[in-house]
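We count ligands from 1, going down the list as the structure has it; atoms in each ligand are counted the same way. None of these values were measured; they are calculated from a predicted model.
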Amino acid sequence: MAGPIGVFDSGYGGLTILEGIRKRMPEYDYIYLGDNARAPYGTRSFDVVYEFTLQAVKKLFEMECPLVILGCNTASAKALRSIQQNYLPYNAPNRRVLGVIRPTAEVVGDMSHSKHIGVLATEGTIKSQSYNLEIKKIHPDCTVVGQACPMWVSLVENNEFDKPGADYFIQTSLEKLLSKDPQIDTIILGCTHFPLLTDKIKHYLPKGVKVVPQGQYIASSLEDYLHRHPDMDQQLTRGATCQYFTSESCVKFRECASLFLHEDVTAERITLN
Ligand code: DGL
């Protein structure tokens, strides 16, 4: 069986990951699936995020994707391990599901001089401690501090991300993060929506603090993965196409997706259950 690379997100944010991957590997076919009807996932429980994410993965498998990227930090934090360990071996042993946390954790240790790293993400990702655990596994010399930014996804989804009202929420969350550890010199944007807030985030950070979006690192990590797994690479079709699916209205998807992709896309509606 051969097919496209599936990219899943709770909503629109995973489009920043898809964009990074397609820029680096434009020759492959892609399917993007956004569970927009049930987003945000950020405050949902482990069980619910697992259930919803597994439904999306199964849908992408039905659409013949041999490989699925969970382009959502919350889903990667709360569902990836269970899918890899409990679902795939028994139900889809030849398919693979990868997340976005490990590839980000791999690169960030070497970017920091102070070895003090900050993580900005949804409440679910921060509570899961996934970034702390993954970074410390790979870079034991690093100190990792997280800050949940509960309003930020809504600012982006409601197209308020570049408006003056966003400043208060951004400044407050950054102050909270830096007050926990003033030595932080590198900050991971551990949520797919946050790259759209980069200008404002940089404005409120002290000079010299690096901001790390994920798209390009997920892309290089995927490329490396496919080099190391030619058996999987051979199962991926290369027609340079990209199809979009949403669990919400197609019209809404088209309007919002253009904020993330800067181009018009058409989506088809699907039901996840
Ligand atoms: N895409 C999610 C993430 O990266 C954020 C949106 C949500 O809360 O569903 O964590």
K.L.:
According to ring pair (Phe, Tyr, Trp, His ring centres under 6.0 Å), who are the partners of Phe260, at least two apart in sequence or on a separate chain?
P.N.:
His193
K.L.:
Can a donor-acceptor pair be found, under 3.5 Å and without considering hydrogens, that links the side chain of Asp29 to the backbone of Ala240?
P.N.:
yes
K.L.:
Is there a donor-acceptor pair under 3.5 Å between the side chain of Ser220 and the backbone N or O of Tyr217?
P.N.:
yes
K.L.:
Is any NZ, NE, NH1 or NH2 atom of the basic residue among Lys59 and Glu268 found under 4.0 Å from an Asp or Glu carboxylate oxygen of the other?
P.N.:
no
K.L.:
What residues come within 4.0 Å of ligand 1, counting heavy atoms only?
P.N.:
Asp9, Ser10, Pro40, Tyr41, Gly42, Cys72, Asn73, Thr74, Thr122, Val153, Cys191, Thr192, His193
K.L.:
Please identify each residue that fulfils ring pair (Phe, Tyr, Trp, His ring centres under 6.0 Å) with His229, with sequence neighbours left out.
P.N.:
Tyr225
K.L.:
Identify, with sequence neighbours excluded, every residue that meets ring pair (Phe, Tyr, Trp, His ring centres under 6.0 Å) alongside Tyr41.
P.N.:
Phe52
